[in-house]
Amino acid sequence: MNNKWIVALTLLLGSVSAQAAEMSGLETFSAHVDNTMKAIFGDYFVNIIFYSVPVGDASFPLIVGWLLIAALVFTFYFGFIQFRQIKLSIDIVRGKYTDPNKKEPGEVSHFQALTTALSGTVGLGNIAGVGAALAIGGPGATFWMIIVGLFGMATKFVECTLGVKYRTILPSGAVSGGPMYYLSRGLAERGMPGFGKFLAVAFALMTIIGCVGAGNMFQGNQSFAILSSTFDIPNEYGVFFGIGLAILVGMVIIGGMPRIATVTEKVVPFMAALYIGMSLIVIIANFGQLGAAFGEIFSGAFTGAGVAGGFVGALIQGLKRATFSNEAGVGSAAIAHSAVKTSEPATEGLVAFLEPFIDTVVICTMTALVITLSGVNDLANLQSQALTGVDLTRAAFMETSPIFQYFLAIAVVLFAFSTMISWSYYGLKAWTYLFGEGDTKELIFKLIFCLFVIIGATIKFGFVIDFSDAGIFAMSIFNIIGLYFLMPVVKQEVNSFIARVKSGEIKKFK
């Protein structure tokens, strides 16, 4: 089946589903889906994944601690590799260790793998999630976000090295990789095949759940919501936006990883430049207050309210809600990085640890500075206007110029689109791991994914999004268990690679 027929079929399915939703009443349909999900699964799964313990006046989800402890363990185990090997990492991304005359196994370059993974992490959370974090923890939340991002670099390094080491190269040259493969194969090597298979299957199931909800419907829903509020578009037009977005997503994902990578290597730098450019304009316009803003960030991080509020704001809001900021420990990025053209697994781990730095330390900090400099996160302001999330971020940009709301709307749509195409690939690889490889099986998943793009943009969900959020965080439970068992394998890989670089056995080509 060629691409034109596939896109046409996607459009047809989307139109039928949207018309059905309209005829039955959007709110009624939305409520029916939520009630059905609750009847099947109950609140138990969500409550277990996000089980919280009291910390002062706040509550702390144990899943957040699970992710943070892993980041600290890997940072110390690998001797702060994310700081020691930063130059080597950048050289690999720039292609300085890529032999132009050697055909490496894989589908995409190091840069394309990085942008594909970044397109899945740099999203609405960098805009809305930071706003939520600062609404809870004040400017001091920014400090804790940066700290978490820096430690998370080590986790990303571990999982993406393993993703390449245990991937499968198909006869067509396409790649299937990620936690499903290193959990099953890596633990089988260590004498635990049954345990590894259980972790892999559970991870794949959670990936599909997270992919359809938070990586798909939520993105379409929120991108139309900001377009609707910015340009005064009636909610009834959500169906048309959803169909258009589904067509664009379908045109990209039908082509597989090479086409996804081709799109993300262009979209990600553009959307990052657009958003960072807007942020820099605001920062420059308020340059005189920059010192005071940094003072608020550092002093707020170490006050009683700042430590509790800031820590919770950075971790709970930065991970639980739409940010998921860098997804370090979730395992999703390892799926994208597995497709890289290399025969050295450690190279991709070294490339991957740049993601949390770009996503959290750079882009999230830009958002936090814009909000802090604008003054819209002042407590009295918040109490009177009840601003949080994306509304808080938009209000902050508009303090400098109302025109920024239009650029922000464009950025949100780009962020949502890029997140969708990356998560479609993550979900696809989980799908084929469970049900087998094959063009027909892949096509079924891609059509289902496009169908849910339309549904997400058309109706409102409550429990479904909470359920898919829980699915994404459940991925980290199964993934990190495997990472602890396999981190000696990673140490062996990276030590061997770095030793050969230092000895000159592995040479620079540019």
Least distance between heavy atoms, [X] atom then [Y] atom:
X	Y	value
A246	C450	CB-O, 3.6 Å
V489	K165	CG1-CE, 3.4 Å
A113	A336	CB-O, 4.4 Å
V108	P258	CG1-CA, 4.4 Å
L187	L486	N-CD2, 4.2 Å

Please report the interatomic distance [atom1]([X]) to [atom2]([Y]), rounded to the nearest 0.5 Å.
X	Y	atom1	atom2	answer
M271	Y275	CE	OH	11.5 Å
I63	I477	CD1	CD1	4.0 Å
M180	K197	CE	NZ	10.5 Å
T262	K266	OG1	NZ	5.5 Å
L428	I260	CG	CD1	8.0 Å
I147	L150	CD1	CG	6.0 Å

Apply ring-ring contact (aromatic ring centres under 6.0 Å, His included) to F78 and list each qualifying residue two or more places apart in sequence or on a separate chain.
-> F157
For the pair T393 and T367, evaluate side chain to side chain contact (heavy atoms under 4.5 Å, CB included) and give the outcome as yes or no after the intermediate values.
-> CA-CA 7 Å; T393 306; T367 302; 3.9 Å; yes
Is the backbone of [Y] close enough, under 3.5 Å, to the side chain of [X] for a donor and an acceptor to pair up by distance?
X	Y	answer
S418	F415	yes
T75	A71	yes
T115	Q112	yes
R259	M251	yes
N216	V453	yes
S338	G163	yes
S52	F50	yes
K429	G177	no
R167	V340	yes
S422	T419	no

So do [Y] and [X] actually touch side chain to side chain, heavy atoms under 4.5 Å?
X	Y	value
T116	M257	yes
F485	L199	no
I81	L350	yes
L114	E265	no
Y182	L483	yes
W66	I481	yes

Considering the options Y181, Y426, F445, which one meets the ring-ring contact (aromatic ring centres under 6.0 Å, His included) requirement together with Y433?
->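 Going through the options one by one, the only one that passes is Y181.
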With sequence neighbours left out, what residues match E344 under salt bridge (charged side-chain N to carboxylate O under 4.0 Å, His left out)?
-> R500
Not counting sequence neighbours, which residues clear salt bridge (charged side-chain N to carboxylate O under 4.0 Å, His left out) with E104? List them please.
-> K102
E107/K341 salt bridge by N-O under 4.0 Å criterion |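 A salt bridge is absent here (no side-chain N lies under 4.0 Å from a carboxylate O).
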Criterion side chain to side chain contact (heavy atoms under 4.5 Å, CB included) on I444 and W431, from CA distance to verdict = CA-CA 10 Å; I444 291 171; W431 178 274; 4.1 Å; yes
What do the steps show when you test F74 against Y484 for ring pair (Phe, Tyr, Trp, His ring centres under 6.0 Å), and what is the final call?
-> CA-CA 9 Å; F74 298 135; Y484 284 138; 5.5 Å; yes
With K491 as the cation and Y77 as the aromatic partner, state whether NZ or CZ is under 6.0 Å from the six-membered ring centre and within 45° of the axis.
-> yes
Carefully, step by step, assess S176 and T168 under the rule side chain to side chain donor-acceptor pair (under 3.5 Å).
-> CA-CA 5 Å; S176 286; T168 293; over 6 Å; no
CA sep, side-chain torsions, deciding dist, call: S332, E327, side chain to side chain donor-acceptor pair (under 3.5 Å) | CA-CA 7 Å; S332 54; E327 293 176 14; 2.3 Å; yes
Begin from the C-alpha positions of L67 and I480 and carry the test side chain to side chain contact (heavy atoms under 4.5 Å, CB included) through to its verdict.
-> CA-CA 8 Å; L67 291 163; I480 289 175; 3.8 Å; yes
Please work out whether the ring planes of F224 and F241 are parallel, tilted or perpendicular, with thresholds of 30° and 60°.
->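 Tilted.
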Name the atoms and distances for all side-chain donor-acceptor pairs under 3.5 Å in residues 202-214, with sequence neighbours left out.
| unit_1 | atom_1 | unit_2 | atom_2 | d |
| --- | --- | --- | --- | --- |
| T207 | OG1 | F203 | O | 2.8 |

Where do F417 and S119 land on the side chain to side chain contact (heavy atoms under 4.5 Å, CB included) test, with the steps shown first?
-> CA-CA 9 Å; F417 174 71; S119 72; over 6 Å; no
Donor-acceptor pair between S89 and R84 side chains, under 3.5 angstrom | no
Please name all residues satisfying side chain to side chain donor-acceptor pair (under 3.5 Å) with E348, sequence neighbours left out, ordered by chain then number.
->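 Partners of E348 under the side chain to side chain donor-acceptor pair (under 3.5 Å) test: H110, H337.
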Kindly write out the residues that satisfy side-chain contact (heavy atoms from CB on, under 4.5 Å) with I498, not counting sequence neighbours, or none if the list is empty.
-> Q85, L88, V494, K502
